[in-house]
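All values below come from the heavy atoms of this structure, side chains included, with hydrogens, waters and symmetry mates left out. A note on names: the letters A, B, ... follow the listed sequences, proteins ahead of strands, and every chain is numbered from 1.
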Number of protein chains: 2
Amino acid sequence: MLLDLIHKRHSTRRYANRPIPREVLLRCIEAARLAPSACNGQPWKFIVVDDHALKDDLCEKAFSGIYSMNKFAKDSTALMVVVSEKEKFISAAGGRIRGTNYCLLDIGIACEHLILQATELGIGSCWIGWFDEKAVKRVLGIPNDRRVDVIISLGYYEEADLAPPRLRKPLEEIHAFNAYE
Amino acid sequence: MLLDLIHKRHSTRRYANRPIPREVLLRCIEAARLAPSACNGQPWKFIVVDDHALKDDLCEKAFSGIYSMNKFAKDSTALMVVVSEKEKFISAAGGRIRGTNYCLLDIGIACEHLILQATELGIGSCWIGWFDEKAVKRVLGIPNDRRVDVIISLGYYEEADLAPPRLRKPLEEIHAFNAYE
């Protein structure tokens with residue numbers, strides 16, 4: 001049941017010391033691949049960093065100084081660096097008129113597919129938006145005209161890693177019927 | 001299995017003529033409520049429009065002129081108008097430094113939870129980003145300083161409504177290991 005999966009997913013910052021097979025990582029990307037996007041533009045590319053030395057180097061450069069709160073990513077088994085690719089002209093133009101960067105909505109959808117798929121496969125994850133983007137691009141050879149808005153850290157759950165109590169606004173506070181109120 | 005659900009979800013623009021009980025709509029919002037967001041800011045409010053006359057009025061005003069391609073929304077059973085609420089100061093400030101509007105990522109995640117939950121319950125949906133936002137705010141009394149980036153149309157699938165073939169880039173095109181390539 002989807003809601004079980006949603007309950008199970010939580011920000012995981014400690015991971016078991018067990019590699020994630022590449023076919024499992026690809027299964028997570030497959031879930032993202034099927035995500036909807038504005039005008040079906042699919043403005044994403046997933047760079048899997050599972051080489052240990054490269055991951056260390058990337059983490060050292062991406063999570064230093066003001067970004068060091070996310071140093072935990074070094075202990076993950078793989079990093080999914082999500083490149084925001086160019087949108088289709090039509091959705092970019094529409095987005096400009098509406099004042100909405102649809103590409104970010106698309107990245108949110110696709111990455112959550114990836115993360116829920118990882119959860120189903122016993123893999124913990126954490127959304128990371130706070131990192132030195134220039135350093136990430138330099139280390140991975142990502143073109144300057146692309147954006148990296150998100151990195152996802154991945155690793156098998158430790159046995160003891162249970163979802164903590166969920167701190168969310170109550171349902172009453174986030175909905176209304178037929179008027180804003 | 002999550003991937004079955006992801007395969008089943010598709011943009012649905014024709015709906016069965018059967019009301020969605022409010023507890024079912026609330027179950028969909030519950031799935032969104034549990035979504036992760038930057039600094040746990042939960043910058044969302046879901047306005048359910050299931051009053052028939054109000055829905056007609058809203059659709060007439062939101063989907064006229066250059067927005068009329070989305071007139072199909074009038075045939076949905078309920079509209080989920082998603083209000084992008086104010087972010088926490090810390091994620092807004094971080095977003096400004098990074099040049100990323102995290103709120104949109106959050107809205108993408110939460111709405112896809114809602115949509116996948118709807119799919120599981122036999123309800124078709126369509127993401128709509130192209131509408132007259134000012135008109136929507138006027139009809140529903142949404143404060144001017146809020147944004148409405150997304151509306152989701154909802155309605156039970158018609159019997160014959162099967163997912164069409166999925167047109168997506170091949171997996172090879174959207175991933176790479178350890179370098180951008």
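- In terms of heavy-atom pairs under 4.5 Å with chain B, the best-connected choice from A:E120, A:E133, A:R146 is A:E120.
- Among B:L25, B:I47, B:D132, the residue with the largest count of heavy-atom pairs under 4.5 Å with chain A is B:I47.
- For B:A176, the parts lying near chain A are the backbone and the side chain together; criterion is any non-hydrogen pair under 4.5 Å.
- Nearest heavy atom pair, residue A:L154 against residue A:A118, reads CD2-CB, 4.1 Å.
- With B:F131 as the aromatic partner, A:R98 meets the cation-pi criteria of under 6.0 angstrom to the ring centre and within 45 degrees of the ring axis.
- The most heavy-atom pairs under 4.5 Å with chain B, out of A:K137, A:R147, A:R166, come from A:R147.
- For B:N17, the CG atom sits in a loose shell: 12 or fewer heavy atoms of surrounding residues, nucleotides or ligands are nearer than 6.0 Å.
- The residues B:R14 and B:E158 are annotated as salt-bridged, a charged nitrogen and a carboxylate oxygen being separated by less than 4.0 angstrom.
- With respect to the salt-bridge test (charged N to carboxylate O, under 4.0 angstrom), the residues A:D75 and A:R13 do not qualify.
- Interface summary for chain A: among B:V49, B:D149, B:L5, the most heavy-atom pairs under 4.5 angstrom belong to B:D149.
- Geometrically, A:R22 engages B:F177 in a cation-pi contact defined by less than 6.0 Å to the ring centre and at most 45° from the axis.
- Side chains of A:N101 and B:N101: no donor on one and acceptor on the other come within 3.5 Å.
- With respect to the salt-bridge test (charged N to carboxylate O, under 4.0 angstrom), the residues B:K8 and B:D4 do not qualify.
- Heavy-atom distances place the backbone of B:V148, and not its side chain, under 4.5 Å from chain A.
- If you check the side chains of A:S37 and A:Y102, you find no donor sitting under 3.5 Å from an acceptor.
- Under the 6.0 Å distance and 45° angle rule, B:K74 does not count as a cation-pi partner of B:F63.
- Only the side chain of A:L54 comes within less than 4.5 Å of a heavy atom in chain B; its backbone stays farther off.
- Between B:V81 and the choices B:I142, B:I152, B:I128, the side-chain contact (heavy atoms from CB on, under 4.5 Å) rule is met once, by B:I142.
- Counting heavy-atom pairs closer than 4.5 Å to chain A, the top residue among B:V150, B:L140, B:I6 is B:I6.
- You'll find the side chain of B:Y180 reaches within 4.5 Å of the side chain of A:P143, heavy atoms only.
- A heavy-atom distance below 4.5 Å is not found between the side chains of B:I151 and B:V82.
- At a 4.5 Å heavy-atom cutoff, the contact between B:W130 and chain A is made by backbone and side-chain atoms alike.
- Per-residue heavy-atom pair counts under 4.5 Å with chain B were compared for A:L26, A:I109, A:T100, and the maximum is reached by A:I109.
- Only the side chain of B:N40 comes within contact range of chain A, judged by heavy atoms closer than 4.5 Å.
- Only the backbone of B:E173 comes within contact range of chain A, with at least one heavy atom under 4.5 Å from a heavy atom of that chain.
- Between chain A and the residues B:R9, B:H7, B:Q117, B:E30, the largest count of heavy-atom pairs under 4.5 Å involves B:R9.
- Contact count against chain A (heavy-atom pairs under 4.5 Å) is highest for B:L171 among B:V139, B:L171, B:I107, B:D106.
- Interface remark: of the candidates A:Q42, A:K55, A:M1, A:R27, A:Q42 forms the most heavy-atom pairs closer than 4.5 Å to chain B.
- Within the 4.5 angstrom heavy-atom criterion, only side-chain atoms of B:I97, from C-beta onward, approach chain A.
- B:A32 does not touch chain A: none of its heavy atoms, backbone or side chain, sits under 4.5 Å away.
- Using a 4.5 Å cut-off between heavy atoms, B:V83 touches chain A through its side chain atoms alone.
- Per-residue heavy-atom pair counts under 4.5 Å with chain B were compared for A:G94, A:A38, A:C103, A:P36, and the maximum is reached by A:P36.
- Options A:G129, A:G141, A:A179 differ in how many heavy-atom pairs under 4.5 Å they form with chain B, and the most are formed by A:G129.
- Options B:C111, B:G99, B:A110 differ in how many heavy-atom pairs under 4.5 Å they form with chain A, and the most are formed by B:G99.
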